[in-house]
Amino acid sequence: NQVAQQTSSSEEAPPDIDTLLNNNQTNDTVEIRRGYTLSALIKRIVKLSPQQIISRASESVYKAKIKQIMGERDPVFTVQSVFLPAPEYVDSDNSWSDNISFKRWALANRTWFNLTVPLYTFGRTDRGIEGYRSALNVERISSKERKAQLVFEIKKYYYGYLYALSAKEY
């Protein structure tokens with residue numbers, strides 16, 4: 001019995017709801033079991049929330065689409081070159097197999113130049129950029145809305161937990 005009393009007195013009970021409301025403590029400084037404050041819980045849950053992860057991924061997709069269309073607007077100049085070792089060709093009157101000398105090597109070179117210029121896209125690039133920017137703004141707004149709903153749910157459960165703990169003592 002004495003051991004049980006010593007362990008129960010050494011454990012610090014979480015604060016009850018009246019203490020929270022009457023003291024000058026902010027909600028962020030109140031710790032529930034395992035040392036989580038309300039702000040720490042919100043940050044952790046929002047960071048790990050599947051909805052927020054999907055929102056961040058969707059925003060990244062829209063940003064990539066905008067960059068892709070902006071890249072299609074500009075002219076592109078590419079140079080490709082291939083250098084390969086090849087046996088040297090010796091000019092003689094014999095058959096073609098006698099004309100190749102494997103004792104001496106040379107470089108074979110092939111180079112391509114390519115210039116791609118978009119002529120007139122009939123507004124496709126401008127409308128595409130405008131559309132993806134609008135979709136990005138909509139995704140950001142809906143992400144903020146989902147985050148606000150998630151924070152509301154976290155606070156509801158947090159204060160419900162504190163209220164249940166304080167009711168348990170009565």
Side-chain angles (χ1 to χ4, degrees), residues 4 7-84 110-170:
T7 56
S8 65
S9 65
S10 66
E11 292 178 6
E12 187 175 317
D16 61 304
I17 199 76
D18 293 330
T19 307
L20 291 175
L21 296 176
N22 294 333
N23 289 348
N24 290 332
Q25 295 178 326
T26 62
N27 294 335
D28 293 342
T29 60
V30 176
E31 294 185 6
I32 59 173
R33 293 182 194 201
R34 297 189 186 175
Y36 289 118
T37 62
L38 179 59
S39 63
L41 283 172
I42 290 172
K43 286 178 187 175
R44 185 174 175 89
I45 293 172
V46 166
K47 181 180 177 184
L48 299 175
S49 168
Q51 293 174 342
Q52 295 298 7
I53 292 171
I54 291 170
S55 294
R56 287 191 293 269
S58 297
E59 287 180 20
S60 298
V61 167
Y62 290 128
K63 289 177 185 176
K65 290 286 189 181
I66 291 170
K67 286 182 182 178
Q68 177 184 4
I69 292 176
M70 291 180 84
E72 292 174 358
R73 281 195 317 190
D74 302 329
V76 178
F77 180 73
T78 57
V79 177
Q80 297 176 344
S81 187
V82 176
F83 291 97
L84 297 171
R110 173 84 189 235
T111 304
W112 297 270
F113 298 99
N114 189 11
L115 177 64
T116 305
V117 180
L119 296 174
Y120 184 68
T121 60
F122 302 99
R124 183 183 63 87
T125 55
D126 294 333
R127 298 294 86 73
I129 290 172
E130 184 180 321
Y132 282 120
R133 283 186 178 153
S134 298
L136 179 62
N137 289 336
V138 167
E139 184 62 37
R140 285 179 177 161
I141 291 169
S142 64
S143 174
K144 286 179 183 179
E145 179 186 0
R146 285 190 297 264
K147 182 179 178 181
Q149 289 173 349
L150 186 61
V151 168
F152 174 75
E153 290 292 319
I154 293 168
K155 287 183 178 183
K156 180 174 79 171
Y157 291 124
Y158 178 83
Y159 288 118
Y161 174 76
L162 292 179
Y163 182 73
L165 285 177
S166 66
K168 182 181 172 184
E169 292 177 6
Y170 292 112

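Here the structure is a predicted model, which means the values were calculated and not measured.
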Spacing of [atom1] belonging to [X] relative to [atom2] belonging to [Y], to within rounding of 0.5 Å:
X    : Y    : atom1 : atom2 : result
D74  : T116 : CG    : OG1   : 12.0 Å
Y62  : S134 : OH    : OG    : 11.0 Å
I45  : I154 : CD1   : CD1   : 4.0 Å
L41  : Y157 : CG    : OH    : 14.0 Å
E59  : N137 : CD    : CG    : 9.5 Å
T125 : R73  : OG1   : CZ    : 6.0 Å

For this session: Could you label the plane-to-plane angle of the F113 and F77 rings as parallel, tilted or perpendicular, counting under 30° as parallel and over 60° as perpendicular?
Result: parallel

Exercise. Is the CZ atom of R140 crowded by more than 12 outside heavy atoms at less than 6.0 Å?
Worked result: yes

Exercise. Of the options K156, K155, Q149, which is the one that meets E153 in a side chain to side chain contact (heavy atoms under 4.5 Å, CB included)?
Worked result: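 Answer after filtering K156, K155, Q149: K156.
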
Side chain proximity check, [X] to [Y], heavy atoms < 4.5 angstrom:
X    : Y    : result
L136 : Y132 : no
Q80  : R110 : no
W112 : V82  : yes
V76  : L115 : no

Exercise. Taking all atoms of both residues into account, what is the closest heavy-atom pair of S81 and T111, and its distance?
Worked result: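 Residues S81 and T111, closest heavy atoms: OG-OG1, 3.1 Å.
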
Can you list, pair by pair, the side-chain donor-acceptor contacts under 3.5 Å of residues 49-56, counting residues two or more places apart and other chains?
unit_1: S49; atom_1: OG; unit_2: Q51; atom_2: N; d: 3.4
unit_1: Q52; atom_1: OE1; unit_2: S143; atom_2: OG; d: 3.2
unit_1: S55; atom_1: OG; unit_2: Q51; atom_2: O; d: 3.0
unit_1: S55; atom_1: OG; unit_2: R146; atom_2: NE; d: 3.4
unit_1: S55; atom_1: OG; unit_2: R146; atom_2: NH2; d: 2.3
unit_1: R56; atom_1: NH2; unit_2: K47; atom_2: O; d: 3.2

Problem set entry | Which residues share a side chain to side chain contact (heavy atoms under 4.5 Å, CB included) with R133, sequence neighbours left out |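 Partners of R133 by the side chain to side chain contact (heavy atoms under 4.5 Å, CB included) criterion, ordered by chain and then number, come out as I66, M70, I129.
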
